[in-house]
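Fair warning: this is a prediction, and the values are worked out from it, not measured in the lab. No hydrogens, no waters, no symmetry mates; every other heavy atom, side chains included, goes into these values. Throughout, numbering of the chain's residues begins at 1 and tracks the sequence.
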Amino acid sequence: MTEMVFGTTPIRAGDPILPRWWRTLDRWSLACVLGLFAMGLLLGLAASVPLAEKNGLPQFYYVTRQAVFGGAAIVAMLVVSTFSPRMVRRIGVLGFLAAFLVVLVLPFIGTDFGKGAVRWLRLPGGMSVQPSEFLKPCFVAVCAWFMAASQEVGGPPGRAYSAAVAAITVVLLALQPDFGQASLVLFSWCVMYFIAGAPLMLLVGVLASAIMGGFFAYGASEHFARRIDGFLASDVDPRTQLGYAWNAIQEGGFFGVGVGEGSVKWSLPDAHTDFIIAVAAEEYGLIMVIAIILLYGGIVVRSLFRLRDERDPFVRIAGTGLACAFGVQALINMGVAVRLLPAKGMTLPFVSYGGSSVIASGIAMGMLLALTRARPQGRMGDVLGRGRK
């Protein structure tokens, strides 16, 4: 039986699929994801009860739905994590085409649910889906494929293709308007482009263009301008969501006010989604917030370390893009709650309530786990795309 070693992980060619998958998987990152999901259910028990009572629903209606969505996300994550890099690339391309087409027609067939942004597609049975959530991980796979192809001898101008895809995607998301998702997509592209060897001045130019786009959006979008004005105001209106969240974080202190004793969940309409970290800070204190931050940081840092010596360009670029996008989304959500960033309406992956966001996070994490699995490094010809499986 042939045995190869990646780091300290033996890989036996004759192993069945499941034992080989378990042996090569980053089990620490998997444990961190399960920990985040468990914390999300715990916080959902507190944060979603007031909303359920307000809507005349059973107390644990949203918690039950979160468990169902989370279960589907975990299953999707585990299934996708068994895929080869080539399969990850394929599902990324197909998923991007499907999500992109839906986002393209969303202004005509979508709904805003009274929130001022057409981001959702209503489905039969009272269900809805947010296509941009599924677009993000697939966008990373597509752009990584283009960038990796440009490194092959005689390869296409993949970097230019990825730039065009990124520009079109950012514009479509900004038109919804969804500036938070657009910013995250642009950030992930910049990270991947940097990993692929982009000149620093080009990234500076992209940043300057993004800043100019922000000024344009401020003048053209009342929704965007209102959020920026609220962020720049010297005082926080205590009757706004940011005001309630900021007060809850202060009240929580180091150990929190006690399980079920928090009051912010009765005032914040989005306490179970965008401001779930405020509930954690108020009821469980700084200890819970630090634990959540460490779990996110553990996933990102471990993934980047496992990708550090990866010779396959697609695996290295796509994995880095997925890890950084995952970490920055969490950073944006928590940064909004403590008023370090303007309000963006972005969920906390695996912790916030949601259907599309939780399942899409599961798919994204499955792709990341698949790309960071231990594998023998191929020959240089394989690295250039002439035989890597």
Asks: Can you see which heavy atom on S29 is nearest to which on L369, and at what distance?
Replies: CB-CD2, 4.0 Å

Asks: Would you say R306's side chain and T372's backbone share a donor-acceptor pair under 3.5 angstrom?
Replies: yes

Asks: Where is the tightest heavy-atom contact between P137 and A360, given as atom of each residue plus distance?
Replies: CG-O, 4.4 Å

Asks: Would you check if C143 and V165 make a side-chain contact, meaning some heavy-atom pair closer than 4.5 Å?
Replies: yes

Asks: What's the spacing between L25 CG and R20 CZ if we round to 0.5 Å?
Replies: 14.0 Å

Asks: Which pairs count as salt bridge (Lys or Arg N to Asp or Glu O under 4.0 Å) when at least one residue sits in residues 155-181, sequence neighbours excluded?
Replies: R119-D178

Asks: Consider only side-chain N and O atoms of Q250 and E282, and report whether a donor and an acceptor are under 3.5 Å apart.
Replies: no

Asks: Could you tell me which residues satisfy salt bridge (charged side-chain N to carboxylate O under 4.0 Å, His left out) with E251, sequence neighbours excluded, listed by chain and number?
Replies: none

Asks: Going by side-chain heavy atoms closer than 4.5 Å, which hydrophobic residues are tied to V301, directly or by a chain of links?
Replies: F305

Asks: With sequence neighbours left out, write down each residue that passes ring pair (Phe, Tyr, Trp, His ring centres under 6.0 Å) with F100, or none if nothing qualifies.
Replies: F96

Asks: Please step through side-chain contact (heavy atoms from CB on, under 4.5 Å) for the pair M288 and E283, ending with a clear verdict.
Replies: CA-CA 9 Å; M288 170 71 88; E283 298 201 359; over 6 Å; no

Asks: Extract all donor-acceptor atom pairs below 3.5 Å that involve side chains of residues 47-57 and protein atoms in other chains or at least two apart in sequence.
Replies:
unit_1	atom_1	unit_2	atom_2	d
S48	OG	G44	O	2.6
E53	OE2	Q59	NE2	3.1
N55	ND2	L51	O	3.4
N55	ND2	Y62	OH	2.9

Asks: Could you list all the side chain to side chain donor-acceptor pair (under 3.5 Å) pairs where at least one residue sits in residues 184-198, not counting sequence neighbours?
Replies: S162-W189

Asks: Got F255 and L286 here, is their nearest side-chain heavy-atom distance under 4.5 Å?
Replies: no

Asks: Answer whether the closest heavy-atom distance between the side chains of M39 and L295 falls below 4.5 Å.
Replies: yes

Asks: Provide the full list of ring pair (Phe, Tyr, Trp, His ring centres under 6.0 Å) pairs with a residue in residues 123-155, sequence neighbours left out, each pair given once.
Replies: F146-Y161

Asks: Can you see which heavy atom on A337 is nearest to which on I277, and at what distance?
Replies: CB-CG2, 3.3 Å

Asks: V129 and I109: same hydrophobic cluster, using ILVMFWY side-chain contacts below 4.5 Å?
Replies: yes

Asks: For residues 66-79, which side-chain donor-acceptor pairs fall under 3.5 Å, sequence neighbours excluded?
Replies:
unit_1	atom_1	unit_2	atom_2	d
Q66	OE1	G354	N	3.2
Q66	NE2	S352	O	3.0

Asks: Does the side chain of R65 come within less than 4.5 Å of Y353's, by heavy atoms?
Replies: yes

Asks: Could you walk me through whether M365 and V80 pass side-chain contact (heavy atoms from CB on, under 4.5 Å), step by step?
Replies: CA-CA 9 Å; M365 185 51 56; V80 175; over 6 Å; no

Asks: Could you measure the distance from the OG1 atom of T273 to the CG atom of L348? Nearest 0.5 Å is fine.
Replies: 10.5 Å

Asks: How many angstroms lie between SG in C138 and CZ in R89, if you round to the nearest 0.5 Å?
Replies: 14.0 Å

Asks: Hey, does T320 have a side-chain heavy atom less than 4.5 Å from the side chain of C324?
Replies: yes

Asks: Tell me if a side-chain donor or acceptor on Q329 pairs with a main-chain N or O of T347 at a distance below 3.5 Å.
Replies: yes

Asks: Where do F83 and M367 land on the side-chain contact (heavy atoms from CB on, under 4.5 Å) test, with the steps shown first?
Replies: CA-CA 8 Å; F83 292 170; M367 295 168 71; over 6 Å; no

Asks: Would a single hydrophobic cluster contain both L42 and V33, if residues Ile, Leu, Val, Met, Phe, Trp and Tyr are joined by side-chain heavy-atom contacts under 4.5 Å?
Replies: yes

Asks: Taking the side chain as everything from C-beta on, heavy atoms only, tell me whether L45 gets closer than 4.5 Å to L41.
Replies: no

Asks: Are M334 and L331 connected in a single hydrophobic cluster, I mean Ile/Leu/Val/Met/Phe/Trp/Tyr linked by side-chain heavy atoms less than 4.5 Å apart?
Replies: no

Asks: Got P131 and L106 here, is their nearest side-chain heavy-atom distance under 4.5 Å?
Replies: yes

Asks: Please check if the side chain of R316 supplies one atom and the backbone of E310 the other of a donor-acceptor pair under 3.5 Å.
Replies: yes

Asks: Which pair of heavy atoms, one from A364 and one from L322, lies closest together, and at what distance?
Replies: O-CD1, 4.2 Å

Asks: Once rounded to the nearest 0.5 Å, what's the spacing between atom CD1 of I195 and atom CG of L307?
Replies: 9.0 Å

Asks: With the side chain counted from C-beta on, respond yes when D274 and V336 share a heavy-atom pair under 4.5 Å apart, and no when they do not.
Replies: no

Asks: Kindly say whether L135 contributes a backbone atom to a donor-acceptor pair with the side chain of S132 at under 3.5 angstrom?
Replies: no

Asks: Report the distance from atom CG of L30 to atom CG of L34, rounding to the nearest 0.5 Å.
Replies: 4.5 Å

Asks: Are the side chain of S81 and the backbone N or O of G366 linked by a donor-acceptor pair below 3.5 Å?
Replies: no

Asks: Test of understanding: clusters of I, L, V, M, F, W, Y form through side-chain heavy atoms closer than 4.5 Å, transitively. Do V105 and V170 belong to the same one?
Replies: yes

Asks: How close do V279 and A46 get, heavy atom to heavy atom, and via which atoms?
Replies: CG1-CB, 4.4 Å

Asks: Report the distance from atom OG1 of T169 to atom CG of L186, rounding to the nearest 0.5 Å.
Replies: 10.5 Å

Asks: Measure from the side-chain N and O atoms of R90 to the backbone N and O of P85, and report whether any donor-acceptor pair falls under 3.5 Å.
Replies: no

Asks: Same cluster or not: are V88 and L94 linked, directly or through other Ile, Leu, Val, Met, Phe, Trp or Tyr residues, by side-chain heavy atoms under 4.5 angstrom apart?
Replies: no

Asks: What verdict does the side-chain contact (heavy atoms from CB on, under 4.5 Å) test give for F179 and L173, after you've listed the backbone C-alpha separation in whole Å, the side-chain angles of each residue and the deciding distance to 0.1 Å?
Replies: CA-CA 7 Å; F179 297 104; L173 293 176; over 6 Å; no

Asks: V171: which other cluster members, linking ILVMFWY side chains closer than 4.5 Å, directly or transitively?
Replies: L175

Asks: Ring pair (Phe, Tyr, Trp, His ring centres under 6.0 Å): which pairs involve residues 17-51, sequence neighbours left out?
Replies: none

Asks: What pairs with R302 under salt bridge (charged side-chain N to carboxylate O under 4.0 Å, His left out), at least two apart in sequence or on another chain?
Replies: D26

Asks: Sequence neighbours left out, what passes ring pair (Phe, Tyr, Trp, His ring centres under 6.0 Å) with Y296? Give chain and number order.
Replies: F326

Asks: Write down the atom of N333, the atom of M346, and the distance for their closest heavy-atom approach.
Replies: ND2-O, 2.6 Å

